[in-house]
Protein chains: 2
Amino acid sequence: MALNRYSNADKILLAVDSIIFGFDKAGLKILLIKRDFEPELGKWSLMGGFLKEDENLDEAAIRILQHLTGLRTIYMEQLYTFSKVDRDPVERTLSVAYYALIDIAMHDKELINTSAQWFSLDKAPHLIFDHNQMVEKAIARLKRRALSKPIGFELLPPKFTMRQLQKLYESILDKKLDKRNFINKINSFGILVRLDEKDTNASKKGAYLYTFDKVKYDEKVLEGFNFKI
Amino acid sequence: MALNRYSNADKILLAVDSIIFGFDKAGLKILLIKRDFEPELGKWSLMGGFLKEDENLDEAAIRILQHLTGLRTIYMEQLYTFSKVDRDPVERTLSVAYYALIDIAMHDKELINTSAQWFSLDKAPHLIFDHNQMVEKAIARLKRRALSKPIGFELLPPKFTMRQLQKLYESILDKKLDKRNFINKINSFGILVRLDEKDTNASKKGAYLYTFDKVKYDEKVLEGFNFKI
DNA sequence: CCAAAAGTGTTGAATATACACCCATGC
DNA sequence: GCATGGGTGTATATTCAACACTTTTGG
């Protein structure tokens with residue numbers, strides 16, 4: 001009778017779709033790809049594929065992303081599982097959405113051999129199925145996360161300027177921040193180390209480069225951030 | 001070739017498991033049930049069952065909960081999808097976890113005809129499969145939610161006292177709060193209405209009853225709470 | 001009359017916000 | 001020499017956190 005319960009149950013297709021947020025000088029972007037099979041062939045879509053019997057969801061998300069775009073060593077987080085009965089016109093398919101944040105310039109070389117393309121959030125095209133809904137949910141989650149802990153480890157290059165970090169927050173929260181208050185706030189956590197190097201890409205004077213102090217950051221995470229900005 | 005992509009993909013069993021938190025005078029509890037089929041027959045478990053082909057996850061969570069416990073009209077929220085390859089020893093099964101918060105006394109009469117039983121969080125038994133992990137994640141989520149918006153609509157009876165609301169928060173956050181500060185904070189939102197009635201169950205003097213002002217509450221949710229307590 | 005829970009405000013500390021000028025450099 | 005982006009501090013307003021006594025009434 002054990003087997004009855006299991007064998008009477010319906011088996012269902014499981015997709016994994018990933019929302020990849022990227023950040024560069026111009027702000028926050030999203031990575032989309034032209035779907036290469038029917039239905040909706042040629043339409044814009046998230047990076048998606050099917051879960052295999054012998055892998056878990058995290059593994060599938062990584063495998064699919066790498067296969068479609070070349071991107072690797074990206075930290076992805078599970079977002080939500082979408083299950084509307086008719087969300088896929090071909091066959092009943094659930095989709096588990098994942099999302100990630102990356103530094104566009106840093107992963108530039110990996111991104112190869114594909115129709116994948118970055119879009120700024122306000123210029124993104126209409127997507128297949130319920131993918132637009134997934135993106136909306138991911139943006140909301142990203143905002144909430146940005147307010148509850150300093151993001152940046154995954155998103156910024158190892159060395160970055162205060163202004164880059166501020167721009168990142170401004171992109172995510174979609175509002176301007178005061179640079180003095182921002183710096184004071186960030187410094188009050190004591191999780192950044194100012195290096196002696198300067199970055200002269202964006203200015204003639206040059207801006208100090210910072211790195212995260214991983215040890216202090218982890219301590220802070222444990223005791224709980226109070227990150228309101 | 002469209003069909004190839006789909007038909008080559010593995011189909012997988014999908015379970016839905018629900019963590020039901022309940023609240024009464026004694027504090028926060030969790031509802032567990034004795035599993036009635038193999039494997040692990042007779043062990044304690046979350047309320048679980050399999051997703052059917054013609055329903056979405058929300059519907060399945062409600063159906064399964066009602067079937068196993070009699071509970072109905074409960075608002076459940078999706079928590080996370082668990083996918084470790086060997087999480088179920090019989091067959092590859094993913095499980096989408098849901099959670100909910102209810103007032104124990106209020107749903108007392110619905111809860112029938114089952115081996116379901118309330119446990120306080122610290123006295124809960126060991127659960128089957130990865131269900132303990134699910135519970136931990138649900139507790140963490142509940143705490144975070146309690147800090148970002150006033151919960152209570154789903155959890156408290158229509159009329160409640162300040163002390164009940166405070167106890168609820170204390171249970172969830174697992175710490176004592178100052179009653180004056182708590183009341184001041186809650187009142188500053190302007191989402192509660194004090195009734196002329198008093199509740200004399202817990203005291204001789206009697207405590208004012210309150211209800212949520214749904215309209216003001218919804219306004220507040222839109223403009224964004226700042227609920228740090 | 002007394003035990004038990006309810007109700008009620010103020011103050012100091014901490015945190016958030018608003019705000020403007022000088023600096024260094026490449027062109 | 002000037003245009004561009006970088007860096008820096010203070011004063012005010014807001015919010016948080018700590019704290020103790022009086023009220024009511026059933027027994």
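Keep in mind that the numbers below use all heavy atoms, side chains included, and drop hydrogens, waters and symmetry copies. Chain naming here is simple, since letters A, B, ... match the order of the sequence lines and numbering starts at 1 in each.
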When the distance from [atom1] of [X] to [atom2] of [N] is rounded to whole Å, what number comes out?
{"X": "L147(A)", "N": "dA16(C)", "atom1": "CG", "atom2": "P", "result": "12 Å"}
{"X": "I186(A)", "N": "dT15(C)", "atom1": "CD1", "atom2": "P", "result": "16 Å"}
{"X": "D196(A)", "N": "dG7(D)", "atom1": "CG", "atom2": "P", "result": "13 Å"}
{"X": "N201(B)", "N": "dA4(C)", "atom1": "CG", "atom2": "C1'", "result": "15 Å"}
{"X": "F227(B)", "N": "dT15(D)", "atom1": "CZ", "atom2": "C1'", "result": "14 Å"}
{"X": "F182(B)", "N": "dG7(C)", "atom1": "CZ", "atom2": "P", "result": "13 Å"}
{"X": "L177(A)", "N": "dA18(C)", "atom1": "CG", "atom2": "P", "result": "11 Å"}
{"X": "N184(B)", "N": "dA17(D)", "atom1": "CG", "atom2": "C1'", "result": "11 Å"}

- prompt: Are any of R194(B)'s side-chain N or O atoms less than 4.0 Å away from OP1 or OP2 of dT8(C)?
  reply: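 Checking dT8(C) against R194(B), a side-chain N or O does come within under 4.0 Å of OP1 or OP2.
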- request: Indicate whether OP1 or OP2 belonging to dG5(D) is found under 4.0 Å from a side-chain N or O atom of R163(A).
  value: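 The answer is no; no side-chain N or O of R163(A) sits under 4.0 Å from OP1 or OP2.
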query: Of all the choices, dT8(C), dA6(C), dT8(D), which nucleotide is nearest to the side chain of I183(B) once you look at every atom?
result: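 From the listed options, dT8(C) comes nearest.
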field: Residue pair Y75(A) / E77(A), side-chain donor-acceptor N/O under 3.5 Å
entry: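 Short answer, yes.
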query: Looking at side-chain heavy atoms only, is the closest gap between L192(A) and T211(A) below 4.5 Å?
result: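 No; the side chains remain at least 4.5 Å from each other.
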Please state whether the rings of [X] and [Y] are parallel, tilted or perpendicular, taking 30° and 60° as the class boundaries.
{"X": "F182(B)", "Y": "Y169(B)", "value": "tilted"}
{"X": "F189(A)", "Y": "F227(A)", "value": "tilted"}
{"X": "F160(A)", "Y": "F212(A)", "value": "tilted"}

- prompt: Using a cut-off of 4.0 Å between protein heavy atoms and nucleotide atoms, how would you tag nucleotides 19-27 of chain C 5' to 3' with B, S and -?
  reply: BB--BBBS-
message: Under the criterion side chain to side chain donor-acceptor pair (under 3.5 Å), I'd like the reasoning laid out for D199(A) against T161(A): C-alpha separation, chi angles, the key distance, then a yes or no.
response: CA-CA 7 Å; D199(A) 172 296; T161(A) 68; over 6 Å; no
message: Test side chain to side chain donor-acceptor pair (under 3.5 Å) on Y98(A) and D58(A); report intermediate values, then the result.
response: CA-CA 8 Å; Y98(A) 272 71; D58(A) 292 7; 2.4 Å; yes
